[in-house]
Participant: 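Would you mind keeping the following structure in view while I ask a few things?
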Number of protein chains: 2
Amino acid sequence: MASREDFAMTDLFPQKGHDHSRCVDSALREAEKVCDAENARFTDMRRLVFSLIWKSHKAITAYELLDAIQAGGQRVQPPTVYRALEFLTQLGLIHRIESLNAYFGCDMPHHHHLGQYFICRQCGRVAEAVDEEMSNAVRKAARQVQFRIEATTIEIKGLCHDCATH
Amino acid sequence: MASREDFAMTDLFPQKGHDHSRCVDSALREAEKVCDAENARFTDMRRLVFSLIWKSHKAITAYELLDAIQAGGQRVQPPTVYRALEFLTQLGLIHRIESLNAYFGCDMPHHHHLGQYFICRQCGRVAEAVDEEMSNAVRKAARQVQFRIEATTIEIKGLCHDCATH
DNA sequence: TGACGTGATGTTATAATATATCATTTCTTG
DNA sequence: CAAGAAATGATATATTATAACATCACGTCA
């Protein structure tokens, strides 16, 4: 995977013509590392679900995953998919977008982070940011009201630069 | 309704013993004003749904509302509830919490705002903040990646001060 | 090695959330 | 009041998610 630094900030969304196979390969390698480190099994089903999520930079729903798996010939039921999603989510390998009931692959599963998600309503792509200023603002506001944060959901919907200009 | 300024920041969540009937009365008056201003009809059904949402400072799901209405003797179907919810949401009288699939009443429906929601997992209460620092951080991050914001979802889960200390 | 325990997946059923569609009623306004 | 628009009623169904129990796969240690 191209490291974070390979992108200028305006390229948080990957270029349209980018070599996506590199994203996928790298994501798989990262996932393997994380599973190893956590002593968790990256089973065939988990790998399949993970790969399907990484087919694009869009978020994908559980039932779209189910359909994709079944299209591949396996007769799989919803719980199987949801279990894989839960596993991957817990390890931080994917993130759930609450406002879409959908999942997408994390770029940087190796470090804990409070991410923020930019979601383009036109092209459907999702980009994850880890912006300290946003995180700090949230933490500061929480401190002011004496709220103990356990999880945050920050989802920003609109138009990515490509879609806004073309 | 107590105006925003009546609360110190640490009282974003209302006091346990507060006079809730004042919240409800005030919310109803505000809602009427907003509907008037928008030339929108605050029908019986909409008023009922709105009042039920304001029964507490927690978020309530569509089907909990449905049950509550039916418990009151009316035989109402899901679309009726969802329509009222859509109407109220569009006017900004209530907000949807994406991570809960639930709705709760807005304190300050009269002005447009990008709100942030603190959700206590213990007592279930939701508090809305309108924190410029958070909003600004989001807008700044969006500007940096040339993203055109259309909507934001900022939901912060954890423990409110009451629940963290008792 | 092989019985066991654990974790993963299979299977069936159903719960919970949400919307499409068309019929009917109610409100507004000319 | 009549006509059109808006709201609700009613029916059906789509979409998202989980409970519960059965079976399978894998590591481990006697």
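The shown structure was predicted, so the numbers you read here are calculated from the model rather than taken from an experiment. In what follows, chains carry the letters A, B, and so on, assigned in the order in which the sequence lines appear, proteins first and then strands, with residues in each chain numbered from 1.
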Participant: Look at the side chain of A/Pro79 and decide which nucleotide, out of D/dA17, C/dC22, C/dT11, has an atom nearest to it.
Facilitator: C/dT11

Participant: Quick one: pull up NE2 in B/His113 and SG in B/Cys106 and give me the separation to the nearest 0.5 Å.
Facilitator: 4.0 Å

Participant: Mind listing the N/O atom pairs, protein and nucleotides 28-30 of chain C, below 3.5 Å?
Facilitator:
none

Participant: Closer than 4.0 Å, any side-chain N/O of A/Arg46 to the OP1 or OP2 of C/dA8?
Facilitator: yes

Participant: With rounding to the nearest 0.5 Å, note down the distance linking CD1 in A/Ile94 to CG in A/Leu85.
Facilitator: 5.0 Å

Participant: If each of A/Glu64 and B/Thr43 is mapped to the nucleotide of DNA chain D with the nearest heavy atom, which maps nearer the 5' terminus, i.e. the 5' end?
Facilitator: B/Thr43

Participant: Would A/Val145 and B/Phe118 satisfy side-chain contact (heavy atoms from CB on, under 4.5 Å), going step by step from the backbone distance to the final call?
Facilitator: CA-CA 9 Å; A/Val145 301; B/Phe118 289 97; 4.1 Å; yes

Participant: How would you label the contact of A/Arg47 with the nucleic acid (heavy atoms, under 4.0 Å): base, sugar-phosphate, or nothing?
Facilitator: nothing

Participant: OP1 or OP2 of D/dT15 sitting under 4.0 Å from any side-chain N/O of A/Asn101?
Facilitator: no

Participant: Quickly, which of B/His95, B/Glu64, B/Arg96 forms a side-chain hydrogen bond (donor to acceptor under 3.5 Å, both in side chains) with B/Tyr103? Name it, please.
Facilitator: B/Arg96

Participant: Any idea which of D/dT11, C/dG10, C/dT17 is nearest the B/Gln77 side chain?
Facilitator: D/dT11

Participant: What does A/Arg83 touch in the nucleic acid at a heavy-atom separation under 4.0 angstrom: a base, only the sugar-phosphate, or nothing?
Facilitator: base

Participant: Could you check whether the side chain of B/Tyr63 and the base of C/dA15 have a donor-acceptor pair of N or O atoms closer than 3.5 Å, going by distance alone?
Facilitator: no

Participant: With a 4.0 Å cutoff (strictly under), does any side-chain N or O of B/Tyr82 reach OP1 or OP2 of C/dA18?
Facilitator: yes

